[in-house]
Amino acid sequence: MIDLVQLRREPDVVRAALARRGVSSVSVDEVIGLDNEHRLLLQESERLRAEVKELSRQVGEARRQNDTVTAESLSTASRAVGDQEQVAREATEAVALRLREHLLMLPNLPDERVPDGADESDNVEVRRWWPGMDDGAPFPEFAGYQRVPHWETGVALGILDMESGAKLSGSMFALYRGGGSRLLRALSMLSLDHHVQGYEEIRPPTLALTETMMSTGHLPKSADDMYAIERDGLWAIPTGEVPLTSLRRGEILSEAELPMKLTAQTNCFRREAGAAGKDTRGLLRLHEFEKVELFAYCTPEQADEIHADILGRAEGLLRELGLAYRVLDLCTGDLGTASAYTVDLEVYSPGVDKWLEVSSVSWFRDFQARRANVRYRKSDGSIALVHTLNGSILGWARVWAALVETYRQADGTVRLPAALDPYFGGEAVLR
RNA sequence: GGAGGGAUGACAGAGCGGCCGAAUGUACCGGUCUUGAAAACCGGCGUGGGCUUGCCCACCGUGGGUUCAAAUCCCACUCCCUCCGCCA
């Protein structure tokens with residue numbers, strides 16, 4: 001949620017920033033209007049409330065002096081004011097609710113670094129990396145045997161069974177087998193093993209309360225993309241970011257605790273409501289996948305460094321796996337609701353000849369912290385909202401696809417990168 | 001799932017209709033003392049909101065209710081603890 005105080009003080013700045021994301025000034029003005037209306041009503045109901053309190057205090061005083069007559073007449077007067085107060089309060093609350101609803105629908109202000117653009121085609125490529133690039137090698141020419149989609153290799157080697165996944169849970173649910181399953185486990189281990197030194201490992205629940213989903217900005221806006229378990233009021237999390245961001249919800253942290261860096265592997269659930277039929281073959285787009293997330297609560301001053309750290313770790317992992325990738329600055333049109341600045345990593349997967357998004361590294365400024373009410377006490381005793389950041393290291397389904405395609409050999413087997421050998425008890429080969 | 005007990009400020013813990021936003025202790029911050037530190041003593045010390053910046057309002061798990069007045073009484077719910085049941 002954006003800062004209402006900032007909206008009051010510099011409405012033009014907010015209007016201009018949100019206009020870059022396609023938010024009309026009308027919806028910003030609606031919020032300003034509701035805020036003004038709310039404050040007027042609030043003043044009136046608080047005034048009446050103060051009056052009731054004062055009269056009630058006088059009733060108590062009269063009673064103590066056994067002045068029943070005065071007490072009775074003051075009670076009657078207080079009751080009358082109380083009736084007015086109730087009307088005023090209900091009106092105030094109704095406007096407060098509308099104000100909150102509107103405010104929750106406003107996205108975060110994009111950072112200056114974010115390029116303007118309408119949709120993902122306007123994202124700006126920052127750099128590319130591929131194995132051997134540092135020694136001057138050109139972007140790889142992939143051989144014919146690498147130009148085989150992972151779902152074909154998956155069936156041929158018995159490591160991926162999309163049909164069984166569909167049989168069990170419907171389309172866009174994957175079932176990995178044998179070495180394919182082990183590969184998934186190996187990737188989680190590799191990633192977590194590399195990052196537990198700097199980031200505390202967490203195993204959060206994967207079902208979350210509405211409140212928890214609100215904090216990250218996934219609700220109310222993206223309800224259609226979430227799986228809901230209505231009977232119990234729970235939602236399946238779309239990313240580990242959800243529980244991690246709410247871990248300290250409502251708390252005041254001490255500055256010494258910051259940055260508080262966490263990592264978690266979770267299953268992620270997405271309905272992909274608007275994505276029917278688009279890039280949905282094999283592992284390209286799933287309703288459920290696994291992902292390791294890096295997350296941090298920090299001070300505004302620490303945010304840049306942490307963003308760089310998370311991005312560096314994600315890139316480091318891709319390099320270690322020897323996958324070609326590119327780094328994109330998301331444009332205003334593709335930026336997530338809560339984010340102020342996001343960098344995406346996409347791996348090149350030769351079998352499907354596509355760049356696949358495997359990581360998003362985002363800085364939310366205090367947008368999520370304001371919703372989640374996570375603050376910290378500075379050394380001077382004052383209190384401020386924390387900043388939150390997160391990034392994936394990485395989304396495994398697509399990395400799995402890229403690995404199986406990139407490392408497919410002429411004989412149809414897959415020799416995985418040596419970094420995975422320890423997790424295969426020897427040479428990591430799928431055959 | 002059943003039966004009991006509980007939820008109050010950073011923590012512990014009083015209050016159980018009327019100057020209670022809340023005693024007290026600890027922690028924390030400032031000061032005195034000290035070569036320095038500790039101890040002792042003195043002072044300060046919740047969060048958010050509104051406006052006429054001095055005042056007002058809200059918050060004692062959450063949501064309702066009773067009352068002139070609710071941390072305090074009533075109802076529902078949530079969570080935690082103990083015991084029983086079930087269970088990977």
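So that the names make sense, note that chain A is the first sequence line, chain B the second, and so on, each numbered from 1.
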* **Listed partners of A:T212 passing side-chain hydrogen bond (donor to acceptor under 3.5 Å, both in side chains), at least two apart** => A:R249
* To do: Considering only atom C1', compute the distance from B:C86 to B:A12 and round it to an integer number of Å.
  => 37 Å
* Asked: When the nearest nucleotide of RNA chain B is assigned to A:V52 and to A:H38 on a heavy-atom basis, which residue is associated with the more 5' position?
  -> A:H38
* **Heavy-atom neighbours of A:R15 CZ exceed 12 at 6.0 Å** => yes
* 5' priority, RNA chain B, between A:R377 and A:D35 [closest heavy atom] -> A:R377
* Could you work out the separation of B:A40 and B:C33 based on their C1' atoms and round it to a whole Å? => 9 Å
* First-last contacting nucleotides on RNA chain B - partner chain A, under 4.0 angstrom, heavy atom -> B:G18 to B:A70
* **salt bridge (Lys or Arg N to Asp or Glu O under 4.0 Å) partners of residues 32-45 of chain A, not counting sequence neighbours, each pair once** => A:R8-A:D35, A:D35-A:R39, A:E44-A:R47
* Pairing residues for A:E46 by the salt bridge (Lys or Arg N to Asp or Glu O under 4.0 Å) criterion, not counting sequence neighbours -> none
* Counting any heavy atom closer than 4.0 Å, what does A:R63 reach on the DNA or RNA strands: base, sugar-phosphate only, or nothing? -> base
* Where at least one partner belongs to residues 416-426 of chain A, residue pairs that pass salt bridge (Lys or Arg N to Asp or Glu O under 4.0 Å), sequence neighbours excluded -> A:R415-A:D421
* Sequence neighbours left out, what passes side-chain hydrogen bond (donor to acceptor under 3.5 Å, both in side chains) with A:D122? Give chain and number order. => none
* To do: Report which part of the nucleic acid A:R8 touches: base, sugar-phosphate, or nothing (heavy-atom distance under 4.0 Å, all strands).
  => sugar-phosphate
* With sequence neighbours excluded, give me every salt bridge (Lys or Arg N to Asp or Glu O under 4.0 Å) pair touching residues 394-403 of chain A. => none
* **Pairwise C1' distance, B:G44 and B:A7 [rounded to whole Å]** => 30 Å
* Asked: Which range-with-range stems can be found for RNA chain B when each stem has 3 or more Watson-Crick or G-U pairs in a row and both distances sit under 3.5 Å?
  -> B:1-7 with B:78-84, B:10-12 with B:24-26, B:28-32 with B:40-44, B:46-51 with B:54-59, B:61-65 with B:73-77
* Asked: If you measure from the P atom in B:C79 to the same atom in B:G43, how many Å do you get, rounded?
  -> 45 Å
* To do: Specify the residues of residues 65-97 of chain A, ordered by number, for which at least one heavy atom lies under 4.0 angstrom from an atom of RNA chain B.
  => A:S75, A:S78, A:R79
* Asked: Should the heavy atoms of other residues, nucleotides or ligands under 6.0 Å from CD of A:E251 be counted, would the total exceed 12?
  -> yes
* Between B:C42 and B:A27 - P atom distance, rounded Å -> 15 Å
* Asked: What distance, rounded to whole Å, do you find between the two P atoms, one in B:A88 and one in B:A3?
  -> 25 Å
* Quick one: list whatever passes side chain to side chain contact (heavy atoms under 4.5 Å, CB included) with A:D111, sequence neighbours left out. => A:R113, A:V114, A:Y341, A:W363, A:R365
* B:A37 versus B:G46 - spacing of their C1' atoms, nearest Å -> 31 Å
* When you compare B:C19 with B:C60, how far apart are their P atoms, in angstrom units rounded to a whole number? -> 16 Å
* Structure fact -> Residues pairing under side chain to side chain donor-acceptor pair (under 3.5 Å) where one sits in residues 153-167 of chain A, two or more places apart or in two chains, turn out to be A:T153-A:R408, A:D161-A:S164
* To do: Sequence neighbours left out, what pairs pass ring-ring contact (aromatic ring centres under 6.0 Å, His included) with at least one residue falling in residues 160-215 of chain A?
  => A:F173-A:H287, A:Y176-A:W400
* Between A:S188 and A:Q265: side-chain donor-acceptor atoms closer than 3.5 Å -> yes
